[in-house]
Protein chains: 2
Amino acid sequence: MHHPARTLVNVTARPIPEASVARLPVYLRALVDMAERGSEMVSSEALATAAGVNPPKVRKDLSYLGSYGVRGVGYDVQYLIHQISRELGLTQDWATCIVGIGNLGQALANYGGFAERGFRIAALLDSDDAKVGQVIAGIEIAAFDDVERIVKEHEISIAVLAVPAAVAQDVTDRLVAAGITSVLNFAPAVLSVPDGVSLRKVDLSIELQILSFYEQRKVAEESVRRGTARRRLESVDPTR
Amino acid sequence: MHHPARTLVNVTARPIPEASVARLPVYLRALVDMAERGSEMVSSEALATAAGVNPPKVRKDLSYLGSYGVRGVGYDVQYLIHQISRELGLTQDWATCIVGIGNLGQALANYGGFAERGFRIAALLDSDDAKVGQVIAGIEIAAFDDVERIVKEHEISIAVLAVPAAVAQDVTDRLVAAGITSVLNFAPAVLSVPDGVSLRKVDLSIELQILSFYEQRKVAEESVRRGTARRRLESVDPTR
DNA sequence: CCCTGTGAAGAAATTCACAGCT
DNA sequence: AGCTGTGAATTTCTTCACAGGG
């Protein structure tokens with residue numbers, strides 16, 4: 001197995017499609033599980049099953065990273081873990097801060113998911129004086145007013161936003177001004193950030209509403225099936 | 001303004017693309033904000049700005065629901081709110097349960113986002129006897145073992161999963177067996193559900209890893225710009 | 001013979017550009 | 001004149017199918 005020498009990060013190469021990037025963490029988690037269970041090699045089929053996708057998609061996605069598999073054999077689990085981690089930038093650790101230490105902010109601070117892969121919570125920020133000084137998950141809450149100093153001091157690049165929707169944009173503007181370049185937004189608000197700043201959102205109520213849409217369809221289809229409309233010939237799926 | 005009479009839900013009509021469905025809640029939130037501020041009409045451009053997308057996308061998405069706008073004028077805010085709500089199934093209320101009342105489960109229970117649009121928390125479930133009986137957000141935690149009875153009694157169709165990854169699949173299987181038809185998964189695990197059951201996931205650590213990917217690209221591009229890049233040919237070590 | 005890697009085909013989503021109605 | 005609604009063009013994503021190397 002010999003692989004071409006590659007630079008640290010292939011910035012110049014053909015970019016990895018966004019949809020593929022979003023699946024890499026899923027593969028990574030599956031691979032880590034497999035490694036823990038002692039697997040040394042894995043096929044695209046096995047990885048696909050573990051990741052909830054289909055084999056061609058796994059192969060295509062992995063092919064964007066390079067030719068890391070062995071034809072006729074599969075992928076080396078450890079080696080793939082290493083390559084995906086590197087591509088995702090997980091070989092370094094990232095300093096993050098959580099902004100807004102209410103219910104959700106506290107739950108996030110206590111959540112183990114951060115440390116899991118090199119995301120260090122360097123600061124908790126809140127603008128409520130009553131909260132400043134309290135210690136959550138071993139970290140003292142700092143005043144949001146000190147954001148510029150704190151971001152610089154800890155070289156924080158990623159902020160997790162758990163503030164009320166009404167102030168989310170203002171807080172974001174201030175974070176960006178302080179040097180934050182990635183924002184993960186939990187507030188139910190549409191944010192705008194300048195070019196060069198990454199933004200992703202997690203929105204409980206949107207997810208519920210999407211589920212509601214399909215839930216309603218099921219109910220409607222059910223009543224159709226029960227008589228209002230013509231019969232629908234359902235082909236039997238032998239795999240179920 | 002007259003609109004064609006339509007059936008309750010257009011199950012038979014051309015289906016709305018998934019990507020469009022996922023944006024409807026965003027439009028809805030923006031429209032509700034506008035209504036609160038007293039707007040009566042809105043153009044696709046204004047709605048696009050508020051929703052963080054572009055005008056043609058708004059028009060295309062809304063066109064799947066019907067011809068609810070007025071050429072040369074725009075869309076009636078209240079009327080659009082009504083139509084989108086109906087299409088999303090938000091005119092009825094949905095009974096939900098939260099499963100796993102740890103840090104995150106508690107935060108979700110206390111979060112206002114549920115009631116916001118007709119998602120009633122009908123039950124909190126946990127398998128830890130020490131938690132059963134405790135009251136969170138005015139709701140008594142019930143034993144997960146009673147899930148079948150509780151789901152039936154409250155006609156719960158949507159479950160929010162906040163259990164440890166290790167048990168997520170087993171818990172899901174049991175929920176589905178109890179009659180749950182939609183699952184919103186917060187556990188960092190790939191779940192599989194039978195056809196006819198909807199599944200969406202919210203995964204903090206995946207989102208952070210995606211941000212990390214783009215963050216790393218920025219750093220790399222920065223160093224390319226400064227001329228420091230293209231060094232370090234990594235000798236590849238399969239065993240790390 | 002097995003499983004990866006990948007061009008090519010196909011499907012889905014987005015954007016364009018303009019006809020059509022008010 | 002202004003803004004929607006939508007076919008057509010374009011881009012992005014997925015799947016296919018098979019060549020290619022172990």
Side-chain angles (χ1 to χ4, degrees), chain A residues 1-4 6 10 13-24 26-27 30-31 34 39-77 79-80 83-84 87 210 213-214, chain B residues 1-4 6 10 13-24 26-27 31 34 39-77 79-80 83-84 87 210 213-214 238:
Chain A
M1 173 174 17
H2 68 100
H3 300 93
R6 301 174 75 248
N10 63 345
R14 131 200 79 166
I16 304 178
E18 239 182 276
S20 291
V21 171
R23 282 186 295 266
L24 292 180
V26 181
Y27 300 150
L31 288 163
M34 288 171 177
S39 303
E40 298 194 349
M41 297 298 291
V42 65
S43 65
S44 62
E45 190 178 341
L47 184 50
T49 302
V53 300
N54 57 10
K57 201 180 273 179
V58 168
R59 293 200 298 274
K60 194 56 142 182
D61 286 341
L62 295 183
S63 78
Y64 293 119
L65 311 186
S67 291
Y68 295 148
V70 181
R71 290 168 201 242
V73 180
Y75 302 86
D76 181 293
V77 173
Y79 185 62
L80 245 199
Q83 292 301 339
I84 295 179
E87 197 71 44
I210 296 169
F213 174 87
Y214 292 106
Chain B
M1 183 179 6
H2 68 101
H3 300 92
R6 303 176 74 246
N10 62 345
R14 131 199 80 165
I16 303 177
E18 239 183 275
S20 292
V21 171
R23 283 186 296 267
L24 293 179
V26 181
Y27 300 150
L31 288 163
M34 289 171 176
S39 303
E40 298 195 347
M41 297 298 289
V42 66
S43 64
S44 62
E45 190 176 342
L47 183 51
T49 302
V53 300
N54 57 11
K57 202 180 273 180
V58 168
R59 293 201 297 275
K60 194 56 139 184
D61 286 343
L62 295 182
S63 79
Y64 292 119
L65 311 187
S67 291
Y68 295 148
V70 181
R71 290 167 202 241
V73 180
Y75 302 87
D76 181 292
V77 174
Y79 186 61
L80 247 199
Q83 292 301 339
I84 295 179
E87 197 72 43
I210 296 170
F213 174 87
Y214 292 106

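Order of the sequence lines sets the chain letters (A, B, ...), proteins ahead of strands, with each chain counted from 1.
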Asker: So do the side chains of A/V42 and A/M34 get within less than 4.5 Å of each other, counting heavy atoms only?
Answerer: yes

Asker: Calculate the interatomic distance between B/R59 atom CZ and D/dG2 atom C1'; express it in whole Å.
Answerer: 11 Å

Asker: Please give, in whole Å, the distance from D/dC13 P to A/I16 CD1?
Answerer: 12 Å

Asker: Between B/L80 (CG) and D/dG5 (P), how many Å, whole number?
Answerer: 9 Å

Asker: One character per nucleotide, please: for nucleotides 9-14 of chain C, 5' to 3', B when the base has a protein heavy atom closer than 4.0 Å, S when only the sugar-phosphate does, - otherwise.
Answerer: ----SS

Asker: Give a yes/no on whether any side-chain N or O of B/S44 is located under 4.0 angstrom from OP1 or OP2 of D/dT4.
Answerer: yes

Asker: Under 3.5 Å, sequence neighbours excluded: what are the donor-acceptor pairs made by side chains of residues 45-52 of chain B?
Answerer:
unit_1	atom_1	unit_2	atom_2	d
B/T49	OG1	B/E45	O	3.0

Asker: Taking the nucleotide of DNA chain D with the closest heavy atom to each, which residue, B/Y75 or A/R71, is nearer the 5' end?
Answerer: B/Y75

Asker: Give every residue pair that meets the salt bridge (charged side-chain N to carboxylate O under 4.0 Å, His left out) criterion with at least one member in residues 61-70 of chain A, sequence neighbours excluded.
Answerer: A/R23-A/D61

Asker: Any side-chain N or O of A/Y68 less than 4.0 Å from the OP1 or OP2 oxygen of C/dC3?
Answerer: no

Asker: The side chain of B/P56 lies closest to which of these nucleotides: D/dC16, C/dC16, C/dT4?
Answerer: C/dC16

Asker: Could you give the CG-to-C1' distance, from B/L65 to D/dT4, as a whole number of Å?
Answerer: 14 Å

Asker: Run the side chain to side chain donor-acceptor pair (under 3.5 Å) test against B/S44 and tell me which residues pass, sequence neighbours left out.
Answerer: B/R59

Asker: Could you check how far CD of B/E45 sits from P of C/dC16, rounded to whole Å?
Answerer: 14 Å

Asker: In whole Å, I'd like the distance from the CG atom of A/L47 to the P atom of C/dC3.
Answerer: 14 Å

Asker: Hey, could you give me the CD/OH distance between A/E87 and A/Y68, rounded to the nearest 0.5 Å?
Answerer: 6.5 Å

Asker: Just so I know, are the side chains of A/Y27 and A/V53 near enough to count as touching, which here means a heavy-atom distance under 4.5 Å?
Answerer: yes

